[in-house]
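Structure first, commentary second.
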Amino acid sequence: MKKAISFITAGVCAVLLSTTTSAQSVSLDTYNMVLPSDGPVTSTGGISTTAIAKYGGAGTFYDASTKAFAKNEDFSFKIEHTKGISTSVSRAVAIEAFTELSIGGETELQIIGQSVSASAEVKVGVKKSVTTTVSWTIDAAQPSGNYLASTGKETMKTNGYIETANSGGVVTSRKFVTAYYTVRPYSSVKKI
């Protein structure tokens with residue numbers, strides 16, 4: 001035994017079969033009662049859709065799928081330290097700064113940086129070496145031995161969607177983007 005349920009909306013008919021033998025018709029009003037009502041409802045040719053606001057209003061936003069901070073070492077060396085004496089060492093080092101963006105420009109980079117809380121050091125497409133003086137200090141109270149001093153750059157790698165929303169906060173367009181850039185230099189010293 002089969003049961004047929006039909007949905008008829010502006011000439012479009014869908015028939016679902018089940019295991020009993022009665023037929024039941026559902027009106028458009030009954031069908032619309034089961035739609036979620038958390039967004040504006042539009043009707044085109046008898047087919048209703050619900051648009052859900054993702055944002056608080058109009059604008060361009062970044063929706064990150066992934067984001068990861070990393071430390072990339074550019075320079076390291078060994079320091080010999082004796083307890084009871086403060087040890088300080090300074091070095092001029094070259095640290096690479098770069099920004100790679102799959103699509104877009106400075107505006108998209110700023111939107112991404114605000115969203116992931118990490119602004120880029122340099123503009124889109126720039127790759128340069130920045131020479132800076134870095135100092136490491138090992139406190140006199142630290143145990144004697146060898147220490148590893150290192151410096152480099154912190155990077156952000158993220159991918160996701162640049163989305164444009166209308167005044168109701170509903171996304172009207174989205175494009176996939178990948179960004180990889182340096183955020184800031186770092187330095188560290190640890191006992192080895």
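If you're wondering where the values come from, they're calculated on a predicted model, not measured in any experiment. Count residues from 1 along the sequence.
In summary, Lys175 and Glu108 engage in a salt bridge, as defined by a charged side-chain N under 4.0 Å from a carboxylate O. One finds no salt bridge joining Glu121 and Arg184 here, because no Lys/Arg side-chain nitrogen approaches an Asp/Glu carboxylate oxygen to under 4.0 Å.
When the side chains of ILVMFWY residues are joined at heavy-atom separations under 4.5 Å, either directly or via intervening members, Val177 and Val126 end up in two distinct hydrophobic clusters. The same ILVMFWY cluster, assembled from side-chain heavy atoms under 4.5 Å apart, contains both Val93 and Ile138.
For the atom pair OG1 (Thr60) and CZ (Arg174), the distance works out to 14.0 Å, reported to the nearest 0.5 Å. Here CD1 of Ile95 is found 11.0 Å from CG of Asn72. Values are rounded to the nearest 0.5 Å. Rounded to the nearest 0.5 angstrom, Ile85 CD1 and Asp139 CG are separated by 12.5 Å.
Between Phe61 and Tyr55, the ring planes are parallel. Angles under 30° get that label, and only those over 60° would be called perpendicular.
In this model, a donor atom of one side chain and an acceptor atom of the other lie less than 3.5 Å apart for Ser76 and Glu73. In the model, Ser135 has a side-chain atom that pairs as donor or acceptor with a side-chain atom of Ser90 under 3.5 Å. Residues Thr158 and Tyr180 have side chains that never bring a donor and an acceptor to within less than 3.5 angstrom of each other.
Formation of a donor-acceptor pair under 3.5 Å by the His81 side chain with backbone atoms of Tyr147 is not found in this model. Side-chain atoms of Thr182 come within 3.5 Å of backbone atoms of Phe98 as a donor-acceptor pair (strictly under, hydrogens ignored). In this structure, Ser144 contributes its side chain and Thr82 its backbone to no donor-acceptor pair below 3.5 Å. Looking only at distances, no side-chain donor or acceptor of Ser88 sits under 3.5 Å from a matching main-chain atom of Thr137. Counting only distance, with no hydrogens or angles, the side chain of Glu106 and the backbone of Val124 share a donor-acceptor pair below 3.5 Å. Trp136 places a side-chain N or O within donor-acceptor distance of the main-chain N or O of Ser188, the cut-off being under 3.5 Å.
A cation-pi contact, defined as under 6.0 Å to the ring centre and within 45° of the axis, is absent between Arg91 and Phe75.
Between Lys128 and Val130, the closest side-chain pair of non-hydrogen atoms falls below 4.5 Å. Annotation: side chain of Val170 is not in contact with side chain of Lys54 (no heavy-atom distance under 4.5 Å).
Across all non-hydrogen atoms, the minimal contact from Gly57 to Ala165 is O-CB, 3.7 Å. The nearest pair of heavy atoms linking Tyr186 to Lys71 is CE2-CB, 3.9 Å. Taking each heavy atom of Gly160 and Tyr62 in turn, the nearest pair found is N-OH, 3.1 Å. Taking every heavy atom of both residues into account, Phe77 and Leu148 meet most closely at O-CD1, 3.5 Å. Thr151 and Val134 make their closest contact through OG1-CG2, 3.9 Å (heavy atoms, listed as atom of the first residue, atom of the second, distance). Scanning all heavy atoms of the two residues, the minimum distance from Lys153 to Asp74 falls at NZ-OD1, 2.7 Å.
The environment of NZ in Lys123 is sparse: at most 12 heavy-atom neighbours from other residues, nucleotides or ligands sit within 6.0 Å. Environment of NZ in Lys83: sparse, with no more than 12 heavy atoms of neighbouring residues, nucleotides or ligands closer than 6.0 Å.
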| message | With side chain to side chain contact (heavy atoms under 4.5 Å, CB included) as the criterion, how do Thr155 and Phe69 come out once you've worked through the C-alpha distance, each side chain's angles and the decisive distance to 0.1 Å? | response | CA-CA 6 Å; Thr155 60; Phe69 279 102; over 6 Å; no
| said: Working note: Thr172 + Asn166, criterion side-chain hydrogen bond (donor to acceptor under 3.5 Å, both in side chains); need CA distance, chi angles, decisive distance, verdict. | reply: CA-CA 7 Å; Thr172 57; Asn166 63 19; over 6 Å; no
